[in-house]
Amino acid sequence: MLISSEKCISYFVWILLESFFFLKIMRENHYLQIVTPSLERKSLFPFFIFQCNCSNSSICLEAMRRFLLLYATQRGQAKAIAEEICEKAVAHGFSADLHCISESDKYDLKTETAPLVVVVSTTGTGDPPDTARKFVKEIQDKTLPVDFLAHLRYGLLGLGDSEYTYFCNGGKVIDKRLQELGARHFYDTGHADDCVGLELVVEPWIDGLWAALTKHFMSRRGKEEMSGTLTTASTAPQKMDSVKPELIHIESQVELLRLDDSGRKDSEVLEQNAVNRSQSSALIAEFESSLTRSIPPLSQASLNIPALPPEYLQVHLHESLGQEENQVSLTSVGPIFQVPISKAVQLTTNDALKTTLLVELDISKTDFSYQPGDAFNVICPNSDSEVQSLLQRLQLTDQREHRVMLKIKADTKKKGAAMPQHIPEGCSLQFILTWCLEIRAIPKKAFLRALVDYTSDGAEKRRLQELCSRQGAADYNHFVRDACASLLDLLLAFPSCQPPLSLLLEHLPKLQPRPYSCASSSLSHPGKLHFVFNVVEFLSNTTSAVLRRGVCTGWLATLVEPVLQPNTRASPADGRKAPAPEISISPRTANSFHLPNDLLVPVIMVGPGTGIAPFIGFLHHREKLQEQHPDRRFGVTWLFFGCRHQDRDYLFREELRHFHKHGILTHLKVSFSRDAPVGEEAPVKYVQDNIQLHSKQVARLLLQENGYIYVCGDAKNMAKDVNDTLVEIIMKEVGVDKLEAMKSLATLKEEKRYLQDIWA
C-alpha cells in the first residue's frame, strides 16, 4: 500500500491508534538496532528512530548526530533559546554541544566537522552582544583567507526588535561574515522580532531545524560522520540516500509526537479537558476571553504544548546569621561605583503628561570617566511592595530573611545544568528577589508550561496549557506579552498554582541594570555626571487595574524626593541640604555616539523629549571648547527638538536659548505636538516635520559638507520617521529613486556619520 507524503502523518497516526503498528526498538547490549513494522518501509518510513540502552546513552547519542550549538546573549534570551534547542535535541536523535560564543577555548570553528547552530541577539542600536565582541573581532580579521571556513555548514537564528533601525543586526553581522569566509547554510537564517513576539519565528524555526539537520547528516559528509556508529548495528538500516528529500520534513513532524508514557498521560488529560469544556461551551461563548478564561474555538481545541522543561535546582532555606549583604559586590560584573546624588531637578511642570527629572551624581571621589554621548548603567532594585507581595503569595514571608542555598539536582535531566551565576550563594531570599531576579520579566512559554504541573484547579491548569500552546499563541501575546504580565500577576490570577521556589530561581532572569545617556560634559561640570529620565507609569490590568512605575525610574523618583527641586536648575534658596542618597553605577561599553574630532564638521542633532539628554552634554562641551580656543573656527550646529507643550515639557528651554544666543547652537528648531496652532499657519508637530522644512540645508550638510547627524530617543516611531524623512529628502534634493536614497543613508551609517542612541 502506497500513500502520498501529504497524507503520511495522518495515516501514521491512524495506524498507531487503530492497528498498533509502530517502530519496535530492540535494545541489546550497546548496539543500536532498527526494526521496522510489517509494512513496506519505503512507503511509510523514510527515516529511522534510534535508541540506546547502554549505561551512558548520551555518549551514544553524541556519536550518532552531534552538532555544535553556540549562543551570543546580552540579557539571556538567546541563551534560553539555545538551551531549549539543546534539551529538544536528544528527543529528535541529536546531541548538542552547547557553549556561549565567548567560550572560545571549548570549540574551534577552524577544525569543526559537525554542523553549527548559532543563536545571536542584538544590543544597542544594532551591535552584537558583549559576549560576541571578541568572536566578531576575530572573524572580521581581514587577513583570513576566503575559504577559511569553507568546511563549515551552519544555521543561524537572529533575535532583534524591528522598532530599531538595525533589526537583528547582531546576527546579520555574523551571518554575513561566516559566508564571506566560505561557510554555507545547511538551514535558512531566521530573524525573530521581539516587537511582535520572538516565538512567532523561534518556534517554527526550531521545529524545522531537525529536518534540516537530518538532511545534512544524510549528505555524503553526514554519512561518513555516522558510518562508524552504525556499522555495529545488528540490523543494517536502509540506505539513507534513498530517502526522497521532499519527505524529510515528515521526520521532524513525527518526532514531535510524544510517545512515552508521560506523553500519553498528557494527551489524555488534554483530551479529557477538551471534552469537559465542550459541555459548557454554550456558557463560555457569551464571555470575552481574558487572562484567566478562553472562548471557543481555543477552549475546545486539542493543544500542542511544549515539552516540560527539566528541573535542575534544589533549594534549601537556612536561618540567617545576620551577615551584611551588599548588592554592589554580588550582582554585577566589572567596575562598580557607589556615588551620592548631589542634586535632582524636576524639568516639567506638575500638569505635564510625563514627569521628567534631571539627576546630578557626584563622581569626584571616583575614577569614573566619560565623554559626552556616553551611557552608563544604574544598578536598581525591584519594587519593595512587589517583592513583599510575591513573598506573601508564595507563603514565604516568614522565611524572607533565610539564606538560600542551591545545589544541582543529582537526577536532573537538564543537559549542562549549572548554578545561576546571578544568584549569589548564601544571601537572603528577600535580597535575591530584590536585587538579583527580574520579577517583572514577562514569563516565557516554558515557564508557563512548568507552572501547569503545580496548578491543582482543572480550569486554571487548562488555561495555562492554552497560553503556552501553539493554538493559544494569540492569547499569549495579548494577555501575557502585550499586557506585560509578570509572575506575580499570573500567581494572583491562578490561585491554585503553587510553584516551589526552585522553579522561580530556574526561570526568572537576572535583574538587569538600566542604561542612561550622559547629559553633561566633564569640561563644564567637573566631578559631576548628569542624566535625565521620564518617570515611567503604566496601568497593569491583568487581573485588576494597578498603577505601576518603571522598575528603575520609579525607584529613582522615590529616592530623590528628599532633595528634589522644582522646575528650576538653581540651588535651593534657603541653602538647606537633605542627606544625599547614594546609587551604584557602572560604565557601559564604549560606543561611537561622540562629537566628531574635526571641530569644523557640521553637526545635526535630533532629540525630542528626553532624547535631548546627550545633546545637552554636546553643547556644554562645545561651549567650553570655544571658551578655551576663542581663535578656532567651529562648524554649524543644528538641533531639532520636540515636546508636547511649550509651557509644560520644553526641557532645558533656558539653556537652549542661551546656547543659541551665544552661537554655540547655530539653529534651534522646536516643534510642539499638542499645542493649538497659532494663526492660520499649520503647526510643525514633530521633529521630522521640521527636518522636512529644512530639507535643502540638511541634504547639503550631510551629502556635500560631510556632516554628522545624531538621533536620540524613541525607536518605535520617531527614529523610523526621521529615517524615512531623510530618505525622502535625499530623493527630492538629489533626484534619485528610493533605493539610491537608502543606499546613501546606508553609506552614512557605515561611515559612522549617521548615529543613533535609541530605545524602545
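These values consider heavy atoms only, across backbone and side chains, with no hydrogens, waters or symmetry-generated copies. In what follows, residues are counted from 1 in the order of the sequence shown.
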Taking every non-hydrogen atom, the tightest pair across L505 and P420
O-CG, 4.2 Å

Non-hydrogen atoms of I691 and L726 that approach each other most closely
CG2-CD2, 4.4 Å

Does the side chain of T349 come within less than 4.5 Å of H645's, by heavy atoms?
no

For the side chain of Q74 and the backbone of D130, is there at least one donor-acceptor N/O pair under 3.5 Å apart?
yes

Verify the neighbour count for atom CD of E751: are there more than 12 heavy atoms of other residues, nucleotides or ligands below 6.0 Å?
yes

N382 versus V551: any side-chain heavy-atom pair under 4.5 Å?
yes

Side chains of T356 and N534: does their closest heavy-atom pair fall under 4.5 Å?
yes

Carefully, step by step, assess E623 and S524 under the rule side chain to side chain contact (heavy atoms under 4.5 Å, CB included).
CA-CA 8 Å; E623 182 177 39; S524 59; 5.8 Å; no

Atom pair CZ (F672) and CG (D647), whose distance is rounded to the nearest 0.5 Å:
9.0 Å

For the residue pair K444 and Q77, establish whether any side-chain heavy-atom pair is separated by less than 4.5 Å.
yes

Between OG on residue S520 and CG on residue L529, distance to nearest 0.5 Å:
5.0 Å

Between the side chain of S521 and the main-chain N/O of P372, is any donor-acceptor distance below 3.5 Å?
no

Identified side-chain contact (heavy atoms from CB on, under 4.5 Å) counterpart of R548 within the set C484, S385, S486
S486

Per the salt bridge (Lys or Arg N to Asp or Glu O under 4.0 Å) rule, what does the pair list look like for residues 350-361, sequence neighbours excluded?
D351-R648

Just to verify, which of F634, F618, F659 counts as forming a side-chain contact (heavy atoms from CB on, under 4.5 Å) with I664?
F659

Answer yes or no: are there more than 12 heavy-atom neighbours, outside R674 itself, under 6.0 Å from its atom CZ?
no

Would you indicate whether the side-chain heavy atoms of V359 and L556 approach each other to under 4.5 Å?
no

Decide whether S517 and D757 meet the rule of one side-chain donor and one side-chain acceptor closer than 3.5 Å.
yes

When the ring planes of W638 and F640 are compared, do they come out parallel, tilted or perpendicular, using 30° and 60° as the limits?
parallel

Using side-chain heavy atoms (C-beta onward) and a distance below 4.5 Å, is L317 in contact with L396?
yes

Which atom pair, heavy atoms only, marks the closest approach of Y754 to V711?
CE1-CG2, 3.9 Å

Exercise: identify the closest heavy-atom pair between A72 and P129
O-CG, 3.4 Å

Electrostatic pair E438:R514 at N-O distance under 4.0 angstrom
yes

So, the side chain of E401 versus the backbone of Q399: is there a donor-acceptor pair under 3.5 Å, distance only?
no

Which atom of L748 lies closest to which atom of L702, heavy atoms considered
CD2-O, 4.1 Å

Carefully, step by step, assess E655 and H620 under the rule side chain to side chain donor-acceptor pair (under 3.5 Å).
CA-CA 9 Å; E655 286 182 65; H620 276 298; 2.9 Å; yes

Answer yes or no: are there more than 12 heavy-atom neighbours, outside Q392 itself, under 6.0 Å from its atom CD?
no

C712 SG to I758 CD1 distance, which is reported to the nearest 0.5 Å:
9.0 Å

side-chain hydrogen bond (donor to acceptor under 3.5 Å, both in side chains) with Q388: of R393, Q430, R400, only one passes, and it is Q430

One should read off an interatomic distance between D689 CG and S673 OG, to the nearest 0.5 angstrom, of 10.0 Å

Answer yes or no: is there a donor N or O on one side and an acceptor on the other, between the side chain of S586 and the main chain of V378, under 3.5 Å?
no

Rounded to the nearest 0.5 Å, what separation is found between the CG atom of L487 and the NE2 atom of H507?
10.5 Å

Treating H662 as the side-chain partner and H658 as the backbone partner, does any N or O pair qualify as donor plus acceptor under 3.5 Å?
yes

Any side-chain heavy-atom pair from L358 and V532 closer than 4.5 angstrom?
yes

Test your reading of the model: is there a side-chain donor-acceptor pair from R653 to the backbone of Q646, 3.5 Å cut-off?
yes

SG-CZ distance between C195 and F167, expressed to the nearest 0.5 angstrom:
9.0 Å

Who passes ring pair (Phe, Tyr, Trp, His ring centres under 6.0 Å) against Y686, sequence neighbours left out?
none

Nearest heavy atoms of F431 and P424, plus distance in Å:
CE2-CG, 4.1 Å

Test side chain to side chain contact (heavy atoms under 4.5 Å, CB included) on V698 and I604; report intermediate values, then the result.
CA-CA 8 Å; V698 169; I604 301 172; 4.2 Å; yes

Partners of N706 by side chain to side chain contact (heavy atoms under 4.5 Å, CB included), sequence neighbours excluded?
R753

Parallel, tilted or perpendicular: ring planes of F615 versus Y710, cut at 30 and 60 degrees
perpendicular

A quick test of your reading: do over 12 heavy atoms of other residues, nucleotides or ligands sit less than 6.0 Å from CG of D398?
no

Please test M605 against L619 for side chain to side chain contact (heavy atoms under 4.5 Å, CB included), starting from the C-alpha separation and ending with a verdict.
CA-CA 10 Å; M605 299 168 283; L619 294 169; 4.0 Å; yes

Residue pair I439 / L488, side-chain heavy-atom distance below 4.5 Å:
no

Given F368, F376, Y370, the one that forms ring-ring contact (aromatic ring centres under 6.0 Å, His included) with F337:
F368

With a 6.0 Å cut-off (strictly less than), is the heavy-atom count around NZ of K528, excluding the residue itself, greater than 12?
yes

Walk me through whether K685 and S671 qualify under side chain to side chain contact (heavy atoms under 4.5 Å, CB included).
CA-CA 5 Å; K685 294 185 68 174; S671 51; 5.9 Å; no

Please indicate whether E425 has more than 12 foreign heavy atoms, meaning atoms of other residues, nucleotides or ligands, lying under 6.0 Å from its CD.
no

